[in-house]
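Reading through the structure tokens given below for one structure.
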Protein chains: 2
Amino acid sequence: MTSTRATLIEVARHAGVSLASTSRALHGTGASPAMVERVRAAADELGYSPDVTGRSLRMKKTFQVAFAVADIGNPVYVEMMTAIHEVLEPHGFRVVVLSTGPTVDSTSELVRSLGSRFVDGLVVSPLRTDDALVEEIRSAPVPVVVIGRALDEQGIDSVSTDSAGGIGQAVRHLQGLGRRRIAFLNGPLDTTPGRARQRGFDAATGREGSDGTGTRALADDFTVAAGLAAARRLLDPQDGSARPDAIVAANDLLAIGAVRAARERGLGVPTDVAVTGMDDTEIGRVYEPSLTSVSLGSAERGRAAARLMLDRLAGDAAAAQHVAIGPRLLVRESTAGTTGPTKEGA
Amino acid sequence: MTSTRATLIEVARHAGVSLASTSRALHGTGASPAMVERVRAAADELGYSPDVTGRSLRMKKTFQVAFAVADIGNPVYVEMMTAIHEVLEPHGFRVVVLSTGPTVDSTSELVRSLGSRFVDGLVVSPLRTDDALVEEIRSAPVPVVVIGRALDEQGIDSVSTDSAGGIGQAVRHLQGLGRRRIAFLNGPLDTTPGRARQRGFDAATGREGSDGTGTRALADDFTVAAGLAAARRLLDPQDGSARPDAIVAANDLLAIGAVRAARERGLGVPTDVAVTGMDDTEIGRVYEPSLTSVSLGSAERGRAAARLMLDRLAGDAAAAQHVAIGPRLLVRESTAGTTGPTKEGA
DNA sequence: ATGAAAGCGCTAACAC
DNA sequence: GTGTTAGCGCTTTCAT
């Protein structure tokens with residue numbers, strides 16, 4: 001540890017000039033070249049580095065943006081965070097990681113804590129929202145961008161994707177491959193993603209008739225194990241109906257569970273049963289067979305949110321914005337389809 | 001947005017007491033119950049929430065700790081970050097995510113930037129270190145904990161694991177299963193992990209004789225694709241030597257590449273070729289076959305580092321500490337072994 | 001137990 | 001272009 005940190009006032013004294021000139025010289029704003037030279041030298045000599053706490057207090061800016069989610073370890077959120085960091089960092093903003101906690105109330109509390117002014121803005125992806133939370137966000141003391149559902153009409157900047165439409169893309173892809181009995185493997189319905197994806201599947205298959213398309217199973221959780229258990233039920237119909245020839249899973253982990261259940265029964269994937277996942281995770285890309293998956297553009301959503309934030313931080317006072325990131329089907333081995341909106345090699 | 005934020009001085013006026021008493025009452029330190037009551041009421045009424053920038057300036061504490069790595073998206077670092085967050089958050093510390101950049105110099109620069117006092121401490125896991133960086137860290141103006149190699153002798157708190165020993169565990173596990181020709185699939189040797197793992201393999205197999213054990217291949221990168229390419233060379237010996245009956249891979253992604261290469265050749269895993277990975281990633285747990293892998297305890301290392309940091313932050317001035325987290329072999333399907341230090345179901 | 005006042009390090013009026 | 005000065009919001013001596 002070097003002696004004691006030099007402050008601006010010490011640099012000023014060392015250079016034999018005023019405090020104000022020192023500050024100006026260091027920021028290169030309205031100081032003569034000679035002054036800049038002189039102050040720089042003094043600063044270097046003392047090993048000066050500006051103290052951001054003083055700066056923050058004075059400027060009422062922390063140069064920090066918070067990113068808050070319920071589960072920081074979730075790959076989807078990791079991608080968002082990485083993207084947000086990449087956008088913000090070049091603009092001199094640091095990223096603070098926060099946890100929303102599991103409930104709406106804990107999320108509200110987090111938004112309220114923004115009153116302490118420890119960040120200049122918040123990007124948050126809440127698991128669920130209610131009117132109270134929406135109101136809390138609208139009246140937050142710093143800009144907030146929500147990743148989740150469209151909230152611009154309630155005056156909140158937001159970024160969303162269309163997971164329901166993404167499920168639709170998967171269904172149509174499978175239909176295009178000639179699959180007739182398409183089943184849906186979803187996670188719990190008391191979650192926002194669970195509900196949206198269910199809606200998407202219903203919308204895409206609602207009018208399909210009774211050829212097996214529309215069969216559903218709910219996993220207890222968005223995991224491989226839960227997906228395996230639920231997919232077994234799907235592949236062993238109790239009611240005498242025909243076995244599905246395709247399974248649309250609500251995420252990649254469930255899809256892997258489905259592939260396993262198929263193999264247990266000696267069924268080939270995609271030959272006997274085609275399987276699609278969602279989220280385009282690395283795990284799905286690396287799995288065998290590699291998973292056809294609907295990307296929800298986590299990184300893009302993060303980037304979009306960060307850019308909205310930058311605009312607000314720059315003083316943009318326009319009406320609340322909404323950015324929608326379209327889902328993209330990535331066709332891989334688990335359906336081995338050669339048609340569809342998007343193609344991609346393994 | 002509510003009118004204008006209330007400050008402590010306004011709460012004081014509203015309560016009709018002094019600024020000092022207000023501060024004390026809000027912190028519950030040395031104030032009469034009556035005073036506390038009165039101030040609380042005033043604060044609630046004005047919707048007061050303390051401004052941390054003022055607090056930070058005055059107390060010379062930011063209540064923030066930085067976590068810096070080269071690649072925030074890497075699952076290993078994500079686990080560390082999550083663990084660090086979990087330890088620090090209950091103590092009132094926020095976690096700021098930083099990037100070290102790819103080089104030693106950029107890491108040095110980051111350490112130097114600590115002079116700005118935007119965090120109270122830094123947990124960093126540098127890709128590589130040199131004497132200059134070590135010196136920079138030692139003389140940093142805030143506590144620094146390094147996750148990587150032991151640095152307590154140079155006066156730096158550190159947490160490390162023994163990846164070399166972990167490779168040794170994998171080798172002995174395979175030997176215990178009767179495998180005789182154990183090959184090593186490593187990533188680039190100009191990386192710290194690459195070198196350490198190579199050392200571990202050499203140490204574990206050095207005296208094994210010339211039965212094929214000790215064959216090595218280097219992948220260009222720690223990825224599935226690079227692993228696949230390198231594993232092909234391993235399984236098609238050009239020099240007429242016998243094909244390996246086991247491959248120790250330097251991480252899980254390389255291991256998956258090895259499994260694929262084996263399958264391409266119609267070889268069964270683990271029957272014909274047993275494969276081990278390292279890092280115990282979700283991807284390895286979920287893969288088929290699930291991967292026997294050496295856990296390097298990322299979460300534990302994160303926790304240990306966070307606890308060391310908490311001690312320093314609490315004013316602990318003892319000599320530099322070092323915590324070593326032992327590697328643990330997790331036996332799964334890719335070796336299907338029933339012996340070994342640790343067992344775990346899929 | 002309470003109040004008065006200093007001051008953390010910085011930037012930005014304002015005057016020259 | 002440079003200097004003087006106020007003050008951001010807070011905690012903490014120091015006196016009472």
Side-chain angles (χ1 to χ4, degrees), chain A residues 3-40 42-43 46-64 92 113-120 141-142, chain B residues 3-40 42-43 46-64 92 113-120 141-142:
Chain A
S3 52
T4 148
R5 284 174 33 71
T7 70
L8 194 62
I9 202 164
E10 283 155 10
V11 176
R13 267 201 274 273
H14 198 78
V17 300
S18 80
L19 178 61
S21 296
T22 310
S23 175
R24 282 188 294 247
L26 257 22
H27 290 85
T29 132
S32 66
M35 176 68 82
V36 171
E37 171 63 24
R38 196 166 166 181
V39 169
R40 281 258 169 76
L46 297 179
Y48 171 77
S49 64
D51 183 312
V52 299
T53 61
R55 185 160 206 260
S56 290
L57 176 57
R58 178 61 228 242
M59 299 183 71
K60 293 178 169 305
K61 281 187 117 251
T62 61
F63 304 96
Q64 295 187 154
S113 77
L114 260 26
S116 296
R117 291 301 167 85
F118 60 97
V119 288
D120 298 337
V142 298
Chain B
S3 52
T4 147
R5 283 174 34 71
T7 70
L8 195 62
I9 202 165
E10 283 154 12
V11 176
R13 268 202 273 274
H14 198 77
V17 299
S18 80
L19 179 61
S21 296
T22 310
S23 176
R24 282 188 291 248
L26 258 23
H27 290 83
T29 135
S32 66
M35 175 66 84
V36 171
E37 171 63 23
R38 197 167 165 179
V39 170
R40 280 259 170 76
L46 297 180
Y48 171 77
S49 65
D51 183 310
V52 298
T53 61
R55 186 160 204 261
S56 290
L57 177 57
R58 177 60 228 242
M59 298 184 71
K60 295 181 169 303
K61 283 186 118 253
T62 60
F63 304 95
Q64 295 186 153
S113 77
L114 260 26
S116 296
R117 291 299 166 86
F118 60 96
V119 288
D120 298 337
V142 298

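Quick note: numbers below take in every heavy atom, side chains included, and nothing from hydrogens, waters or symmetry partners. In what follows, every chain begins at residue 1, and chains take the letters A, B, ... in the order their sequences are listed.
In this structure, T62(A) contributes its side chain and D120(A) its backbone to a donor-acceptor pair below 3.5 Å. Remark: side-chain polar atoms of R117(A) are not paired, donor with acceptor, to backbone N or O of D51(B) under 3.5 angstrom.
The distance from atom CD of E10(B) to atom P of dG9(D) is 8 Å, rounded to the nearest whole Å. What separates CE of M59(B) from C1' of dG9(C) is a distance of 16 Å, to the nearest Å. At whole-Å resolution of the value, CZ in F118(B) and C1' in dC10(C) are 17 Å apart. R13(A) has its CZ atom 13 Å from the C1' atom of dG9(C), to the nearest Å. Atoms CG (L8(A)) and P (dC8(D)) sit 19 Å apart, rounded to a whole Å. Atoms CZ (R38(B)) and C1' (dT2(C)) sit 11 Å apart, rounded to a whole Å. One interatomic measurement links the two molecules: CG of L26(A) to C1' of dG9(C), which rounds to 13 Å at whole-angstrom precision.
At dG9(C), none of the side-chain N or O atoms of T7(A) fall inside 4.0 Å of OP1 or OP2 (strictly under the cut-off). Close to dT11(C), at under 4.0 Å from its OP1 or OP2, lies no side-chain N or O of K61(A). For dT2(C), the OP1/OP2 oxygens have no side-chain nitrogen or oxygen of S21(B) closer than 4.0 Å.
Side chain to side chain, S18(A) and S21(A) meet the donor-acceptor criterion of an N or O pair below 3.5 Å.
Comparing dC14(D), dT4(D), dC10(D) by their closest approach to the side chain of R24(B) singles out dC14(D). With distances taken from any side-chain atom of S32(A) to the nucleotides dG1(D), dG3(D), dC10(C), the minimum falls on dG1(D). With distances taken from any side-chain atom of R58(A) to the nucleotides dG3(C), dG3(D), dA6(D), the minimum falls on dA6(D). Picking from dT2(C), dA12(C), dC10(D) the nucleotide with the shortest atom distance to the side chain of L19(B) gives dC10(D). Considering only side-chain atoms of R55(B), the nucleotide from dC10(C), dA12(C), dC10(D) that sits closest is dC10(D). When distances are taken from the side chain of L57(B) to each of dG9(C), dT5(D), dC8(D), the shortest belongs to dG9(C). Distances were taken from every side-chain heavy atom of H27(A) (C-beta onward) to each of dG3(D), dG9(D), dT11(C); the shortest belongs to dT11(C). When distances are taken from the side chain of Y48(A) to each of dC10(C), dT12(D), dG3(D), the shortest belongs to dC10(C).
For the pair G54(B) and T22(B), both in contact range of DNA chain C, the more 5′-proximal nearest nucleotide belongs to T22(B). Both P33(A) and D51(B) lie near DNA chain D, and the one whose nearest nucleotide falls closer to the 5' end is P33(A).
Here the straight-line distance linking atom CD1 of I9(A) with atom OG of S23(A) works out to 12.0 Å at 0.5 Å rounding.
As judged by a 4.0 angstrom heavy-atom cut-off over every strand, S23(B) is placed among the base-contacting residues. When heavy atoms are screened at a 4.0 angstrom cut-off, V52(B) is found touching no nucleic acid atom at all.
The two residues S56(A) and T53(B) have their closest heavy-atom pair at CB-CG2, 4.0 Å. Closest approach of A31(B) and A25(B) over heavy atoms only: CB-CA, 3.9 Å.
Taking only distance into account, the side chain of R5(B) never meets the base of dG9(D) through a donor-acceptor pair shorter than 3.5 Å.
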